[in-house]
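In this chain, numbering begins with 1 at the start of the sequence shown.
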Amino acid sequence: MPRSAALAALFTLAACVQPAPAPLGEFRIGAETYRITENAAGTWRVLVDGRSVICSKPTEEACYWSVRHYLTSQEVLNDYG
């Protein structure tokens with residue numbers, strides 16, 4: 001592979017890599033710590049078990065309650081089998 005093609009491929013891959021969003025805050029529920037981040041559209045969210053939970057408002061308290069409700073809903077679903 002010519003050197004220029006290799007450099008072009010490297011720059012293309014580098015452009016695809018997004019830096020991790022900076023946390024806006026964090027909170028604890030039980031033993032778990034959850035970090036609040038913001039996506040490109042400005043929506044606050046929290047990553048819970050690999051899933052993105054959208055905060056109802058862009059505040060730390062709203063994110064806390066959004067995660068609490070999400071976790072509760074998952075527990076209820078698990079109870080149903």
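- Under the 4.5 Å side-chain criterion, counting only non-hydrogen atoms from C-beta, Q74 is in contact with L77.
- Each of L47, V53, L71 was compared with Y34 under the side-chain contact (heavy atoms from CB on, under 4.5 Å) criterion, and only L71 meets it.
- Rounded to the nearest 0.5 angstrom, C55 SG and E61 CD are separated by 11.5 Å.
- Here Y70 contributes atom OH and E75 contributes atom CD; the two are 11.5 Å apart, rounded to the nearest 0.5 Å.
- In terms of the side chain to side chain donor-acceptor pair (under 3.5 Å) criterion, R51 has no residue partners (sequence neighbours excluded).
- Residues R45 and T37 have side chains in contact (heavy-atom distance under 4.5 Å, counting atoms from C-beta outward).
- I29 and I54 fall into different hydrophobic clusters, where Ile, Leu, Val, Met, Phe, Trp and Tyr side chains are chained together by heavy-atom contacts under 4.5 Å.
- Between I36 atom CD1 and E26 atom CD the span is 8.5 Å, to the nearest 0.5 Å.
- Contact annotation: the side chain of W65 never approaches that of S56 to less than 4.5 Å [non-hydrogen atoms, C-beta and beyond].
- Considering OG of S52 and CG of N39, their distance stands at 7.5 Å, rounded to 0.5 Å.
- In this structure, OH in Y64 is found 9.5 Å from NE2 in H69, a value given to the nearest 0.5 Å.
- For the atom pair CH2 of W44 and NZ of K57, the computed distance is 12.5 Å after rounding to the nearest 0.5 Å.
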